[in-house]
Amino acid sequence: MITGTHKEYDCIKMNTLITKKEFAVAESKMFDLLSLATQKGGFDNLSAKEKLSLNKYTSIVKAYEDANFTIPVLHSEAKEHAALMNAMQKGRNTALLNKTKKTSFLKRLKHAK
């Protein structure tokens with residue numbers, strides 16, 4: 001469990017183990033403080049104590065997320081390269097089209113996203 005003064009929370013070490021429960025509490029308090037900042041018209045209007053608390057809870061949430069959440073890579077380098085080559089080839093093909101066909105092709109390409 002994490003305990004200590006606000007100064008100790010300024011930079012949570014990555015090797016600090018934060019439990020799921022601590023994360024949930026910190027996240028909830030962080031969102032409460034973000035809501036309070038919105039109500040007060042911005043972060044500059046938070047008191048010094050509120051700013052320290054927000055930094056503390058944000059650091060805890062970030063450390064937990066860095067250690068436990070990953071962003072999946074949805075494409076491989078090979079797929080990206082193939083898509084690029086395909087787009088380049090389609091671009092070359094447009095040079096062979098007349099103005100009407102080229103406009104039609106570009107519209108279809110735009111809507112294919």
Side-chain angles (χ1 to χ4, degrees):
M1 175 166 229
I2 297 176
T3 59
T5 65
H6 285 287
K7 285 184 180 181
E8 293 171 345
Y9 291 102
D10 286 344
C11 184
I12 300 291
K13 294 177 183 171
M14 290 307 294
N15 61 356
T16 302
L17 294 178
I18 300 167
T19 66
K20 193 171 186 175
K21 183 177 178 181
E22 289 170 328
F23 165 74
V25 169
E27 186 180 45
S28 174
K29 290 183 179 187
M30 179 188 74
F31 285 136
D32 289 345
L33 286 165
L34 290 171
S35 177
L36 181 62
T38 301
Q39 290 171 9
K40 288 186 170 186
F43 294 106
D44 293 336
N45 298 322
L46 291 175
S47 70
K49 185 177 178 180
E50 291 165 339
K51 286 178 185 179
L52 281 173
S53 293
L54 181 58
N55 286 337
K56 173 182 98 171
Y57 295 126
T58 301
S59 294
I60 292 169
V61 168
K62 182 179 180 333
Y64 182 85
E65 288 177 344
D66 287 347
N68 294 287
F69 298 143
T70 57
I71 299 172
V73 178
L74 299 177
H75 66 278
S76 68
E77 229 176 277
K79 286 181 181 178
E80 184 176 347
H81 181 71
L84 232 119
M85 292 303 291
N86 188 30
M88 286 171 52
Q89 185 59 42
K90 285 181 179 179
R92 284 190 198 111
N93 290 344
T94 62
L96 304 174
L97 302 175
N98 64 35
K99 187 175 180 176
T100 306
K101 288 183 179 181
K102 186 174 183 177
T103 303
S104 173
F105 172 77
L106 291 173
K107 283 181 183 178
R108 284 195 323 250
L109 188 61
K110 184 178 179 180
H111 292 290
K113 290 182 182 178

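Shortest non-hydrogen contact noted between K40 and L46 is CD-CD2, 4.3 Å. Heavy-atom minimum distance, V61 versus A26: CG2-C, 3.9 Å. Contact record, T58 with L54: OG1-O, 2.7 Å, taken as the closest heavy-atom pair.
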Kindly determine whether F43 and L34 satisfy side-chain contact (heavy atoms from CB on, under 4.5 Å), including the steps that lead there. CA-CA 8 Å; F43 294 106; L34 290 171; 3.6 Å; yes

Yes or no on side-chain contact (heavy atoms from CB on, under 4.5 Å) for D32 and Y57, after CA distance, side-chain angles and deciding distance? CA-CA 10 Å; D32 289 345; Y57 295 126; over 6 Å; no

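Side-chain atoms of S35 never come within 3.5 Å of backbone atoms of F31 as a donor-acceptor pair (strictly under, hydrogens ignored).
The CD1 atom of I60 sits 12.0 Å away from atom CD of E65, with the distance rounded to the nearest 0.5 Å. In this structure, NZ in K62 is found 13.5 Å from CG in N55, a value given to the nearest 0.5 Å.
For NZ of K51, the number of neighbouring non-hydrogen atoms (other residues, nucleotides, ligands) closer than 6.0 Å is greater than 12.
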